[in-house]
A.B. asks: 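Here it is, the structure, as C-alpha cells.
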Amino acid sequence: MTYDVIGWGALNVDRLCSVDEFAPSDGETFINSETKTPGGSAANTIIGMAKLGLKTAYIGKVGSDSNGKILLDYLEDNNVDTKGVIRSDGESGEVIGFVDKTGDRKLYVTPKDNDYISIDEIDPDYISNTNIIHLTSFVGYGDDSTSIETQFDVIKDLPVNIKVAFDPGMLYVNRGDEFMDRLVDLTDILLINETELLMMTHVNDIHEAIDKISSRVEILVVKQSTNGSLVIKDNMLNKIEIFEVDAVDTTGAGDAYNAGFLYGLVKGYPIDEAGIIGSYIAAQSTTMKGATEAIPTIDSIDINKIIQSIKN
C-alpha cells in the first residue's frame, strides 16, 4: 500500500486538567475535572487526516504499559496503520496539561520511550512508501536520546519524490540556529507558528521573517492563532482568515490545521484553498475537549462549500 501521509513524532497520552485559571507563581488552584486522551502533535495531525479519508500510517514508539495500549488502540480505531509503531518493554510518553476556562492551555511533557528510537528500528521500505512524511518534535532530553538524530538520518536519504512536512514546535526552535538551519534544509513544507518563526529568524517583523525563510522551502505556512494564517509559495503570500466558533479547548488546534492543510495538498487544491481547509479543521477541533475528538469526518462536511464560504 502507498500511503498519502506517514506521521513521525512523539506519542503521548494527554492528561488534560480543567481549571478556572492557571495558578499564579508560588500559588495554587484546584482542578475541576480531568480527561485522559491519546495525543502527540504528529499523531493528532495523522488522525485528523485519517478522519478526512486519507490513507495514513505512523512511526513512533510506545511502551508495554496501559498508555501504550491506549495509544495503539486509538490510532487503529481511527484507521491509521501502526506497523511502523515500535513496541518496547518500557513506558509510553505522557503530557500533563492544564486548560483554563478561556480554552488556553499549558502542557508539560514526560517523553519516556519516545526519545529512544534508533535507526535500526526504522524500516526504510515502509517509510519510503508514502507521498508525504510529516514530522514533529521529540524532547531529546537525555544525552543518550536518539530519536532526533534518527529523524535527520532517515529524511536526508529519502527518495526525492517524497515531500517532507515539518512542524518543529518550540522544542526544536529552542535548539538554536544551527539545528533549525539543518531542519529547514531538509524540509519541503514548513508548518510553524508566528512566535516560533520570529524566534528562529531573530527579527520582530513577520514579513521580514518570511523573507528569510520562504525561499528556502517549497511551501511556508505561518499559523497566527486567532489572526489566521499565512501561506507562502513562489513568493506569493496568501492571507487565510479564521472560522469563528465557540472554543472549548485549543489543545491541538495547530495540529488540526496541519491535517486540513496537508489534506488539501494531497487532494490537489491550490495552496490558498488548502489553507482555508486547514483553518476550518483547526476551528472545529477547538469545539470539544481533546485534540482530535471534534475533528469532523470527510462525509460530514462539504469541502467546496467550506472554501467558498471564505472566498466569496
Side-chain angles (χ1 to χ4, degrees), residues 5-18 31 34-51 56-78 80-82 84-99 104-118 121 134-142 145-148 150-151 166-175 191 193 196 249-259 285-286 288-295:
V5 186
I6 291 178
W8 186 358
L11 284 167
N12 300 301
V13 168
D14 295 340
R15 291 175 53 201
L16 299 177
C17 303
S18 174
I31 295 171
E34 180 179 338
T35 59
K36 191 173 184 180
T37 59
S41 180
N44 294 338
T45 295
I46 289 297
I47 287 171
M49 284 187 281
K51 293 178 80 169
T56 62
Y58 202 82
I59 294 171
K61 196 167 193 175
V62 297
S64 57
D65 51 5
S66 60
N67 281 348
K69 185 177 187 310
I70 290 171
L71 290 161
L72 285 170
D73 286 349
Y74 197 58
L75 289 169
E76 291 167 359
D77 288 347
N78 282 281
V80 177
D81 184 278
T82 60
V85 178
I86 303 150
R87 282 74 162 173
S88 77
D89 294 328
E91 292 182 285
S92 304
E94 189 172 55
V95 172
I96 300 175
F98 298 90
V99 184
D104 288 335
R105 81 257 194 246
K106 296 179 184 290
L107 306 177
Y108 301 84
V109 184
T110 305
K112 299 181 181 177
D113 277 5
N114 278 312
D115 271 353
Y116 299 98
I117 298 174
S118 61
E121 292 177 303
H134 174 64
L135 302 106
T136 57
S137 61
F138 291 98
V139 173
Y141 178 73
S145 63
T146 55
S147 294
I148 295 173
T150 298
Q151 276 186 328
F166 224 130
D167 187 335
M170 196 61 76
L171 284 173
Y172 278 7
V173 171
N174 282 333
R175 285 182 167 265
L191 303 140
N193 71 38
E196 294 160 356
D249 179 7
T250 60
T251 302
D255 305 330
Y257 182 102
N258 295 344
S285 76
T286 69
M288 293 173 59
K289 289 184 179 180
T292 61
E293 282 71 13
I295 293 177

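As the structure is a prediction and not an experimental result, all values here were calculated from the model. The figures here come from the full heavy-atom set of this structure, side chains too, leaving out hydrogens, waters and symmetry mates.
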A.B. asks: Is the side chain of Glu196 donor-acceptor paired with the backbone N or O of Met170 at a distance under 3.5 Å, no angle test?
C.D. replies: yes
A.B. asks: Would you find a donor on one side and an acceptor on the other, under 3.5 Å apart, between the side chain of Tyr141 and the backbone of Lys112?
C.D. replies: no
A.B. asks: Taking all non-hydrogen atoms of both residues into account, name the closest pair between Thr110 and Asn12 and its distance.
C.D. replies: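 In terms of heavy atoms, the two residues are closest at O-OD1, 4.3 Å.
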A.B. asks: To the nearest 0.5 Å, tell me how far Thr150 OG1 sits from Lys61 NZ.
C.D. replies: 9.0 Å
A.B. asks: Please report the closest heavy-atom contact between Ser285 and Ala253, naming both atoms and the distance.
C.D. replies: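 In this case the closest contact between Ser285 and Ala253 is OG-CA, 3.6 Å.
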A.B. asks: Let me confirm one number: the OG1-CG distance from Thr45 to Leu135, rounded to the nearest 0.5 Å.
C.D. replies: 11.0 Å
A.B. asks: So, taking the atom named CG in Asp73 and the one named OG1 in Thr82, what distance separates them when rounded to the nearest 0.5 Å?
C.D. replies: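 Output value for this atom pair is 9.5 Å.
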A.B. asks: Hey, does the side chain of Ser137 reach the backbone of Leu171 with a donor-acceptor pair shorter than 3.5 angstrom?
C.D. replies: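 No; zero donor-acceptor contacts below 3.5 Å.
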A.B. asks: To the nearest 0.5 Å, what is the distance between CG on Leu11 and CG on Leu71?
C.D. replies: 5.5 Å
A.B. asks: With the side chain counted from C-beta on, respond yes when Ile6 and Ile59 share a heavy-atom pair under 4.5 Å apart, and no when they do not.
C.D. replies: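 Side-chain contact under 4.5 Å: yes.
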A.B. asks: Given 3.5 Å as the limit, does a donor-acceptor pair link the side chain of Asn114 with the main chain of Val139, or not?
C.D. replies: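 Not confirmed, Asn114 side chain does not pair with Val139 backbone.
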A.B. asks: I'd like to know if the side chain of Arg87 and the backbone of Val85 have a donor-acceptor N/O pair within less than 3.5 Å.
C.D. replies: yes
A.B. asks: Check for a donor-acceptor pair, side chain of Thr286 on one end and backbone N or O of Thr250 on the other, with a separation under 3.5 Å.
C.D. replies: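 It does not hold such a pair.
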A.B. asks: Scan the side chains in residues 89-97 for donor-acceptor partners under 3.5 Å anywhere in the protein, sequence neighbours excluded, and list what turns up.
C.D. replies:
{"from": "Ser92", "atom 1": "OG", "to": "Gly63", "atom 2": "N", "distance (Å)": "2.8"}
{"from": "Ser92", "atom 1": "OG", "to": "Asp65", "atom 2": "OD1", "distance (Å)": "2.8"}
{"from": "Ser92", "atom 1": "OG", "to": "Gly68", "atom 2": "N", "distance (Å)": "3.2"}

A.B. asks: What distance separates Thr37 OG1 from Leu16 CG, expressed to the nearest 0.5 Å?
C.D. replies: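 It is 5.0 Å, given to the nearest 0.5 Å.
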A.B. asks: Identify the two heavy atoms, one from Val80 and one from Ala50, that lie closest to each other, and give their separation to 0.1 Å.
C.D. replies: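 Looks like CG2-CB, 3.9 Å.
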A.B. asks: To check you understand the geometry: which heavy-atom pair defines the closest contact between Lys51 and Glu293, and what is its length?
C.D. replies: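 Minimum heavy-atom contact is NZ-O, 3.6 Å.
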A.B. asks: Looking at side-chain heavy atoms only, is the closest gap between Val62 and Asn67 below 4.5 Å?
C.D. replies: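 No, every pair of side-chain atoms sits at 4.5 Å or beyond.
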A.B. asks: Determine the sole option in Thr292, Thr136, Asn44 for which the side-chain hydrogen bond (donor to acceptor under 3.5 Å, both in side chains) test with Asp255 is passed.
C.D. replies: Asn44
A.B. asks: Would you confirm whether Thr146, through its side chain, and Ile117, through its main-chain N or O, come within 3.5 Å as a donor-acceptor pair?
C.D. replies: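 Indeed, once roles are kept as given, a pair shorter than 3.5 Å links the two residues.
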A.B. asks: Where is the tightest heavy-atom contact between Gly84 and Asp81, given as atom of each residue plus distance?
C.D. replies: N-OD1, 4.4 Å
A.B. asks: Would a 4.5 Å heavy-atom cut-off, applied to side chains only, mark Leu72 and Lys69 as touching?
C.D. replies: no
A.B. asks: Could you grab the distance from atom CG of Asp167 to atom OH of Tyr172, nearest 0.5 Å is fine?
C.D. replies: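 Between atom CG of Asp167 and atom OH of Tyr172 there are 11.0 Å.
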A.B. asks: Check whether any side-chain heavy atom of Trp8 lies under 4.5 Å from a side-chain heavy atom of Phe138, and answer yes or no.
C.D. replies: yes
A.B. asks: Determine yes or no for a side-chain-to-main-chain donor-acceptor pair under 3.5 angstrom, with Asp249 supplying the side chain and Met288 the backbone.
C.D. replies: no
A.B. asks: Using side chain to side chain donor-acceptor pair (under 3.5 Å) as the criterion, list what pairs up with Ser118, not counting sequence neighbours.
C.D. replies: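 Side chain to side chain donor-acceptor pair (under 3.5 Å) list for Ser118, sorted by chain: Asp120, Glu121.
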A.B. asks: Can you see which heavy atom on Arg175 is nearest to which on Gly140, and at what distance?
C.D. replies: NH2-O, 3.0 Å
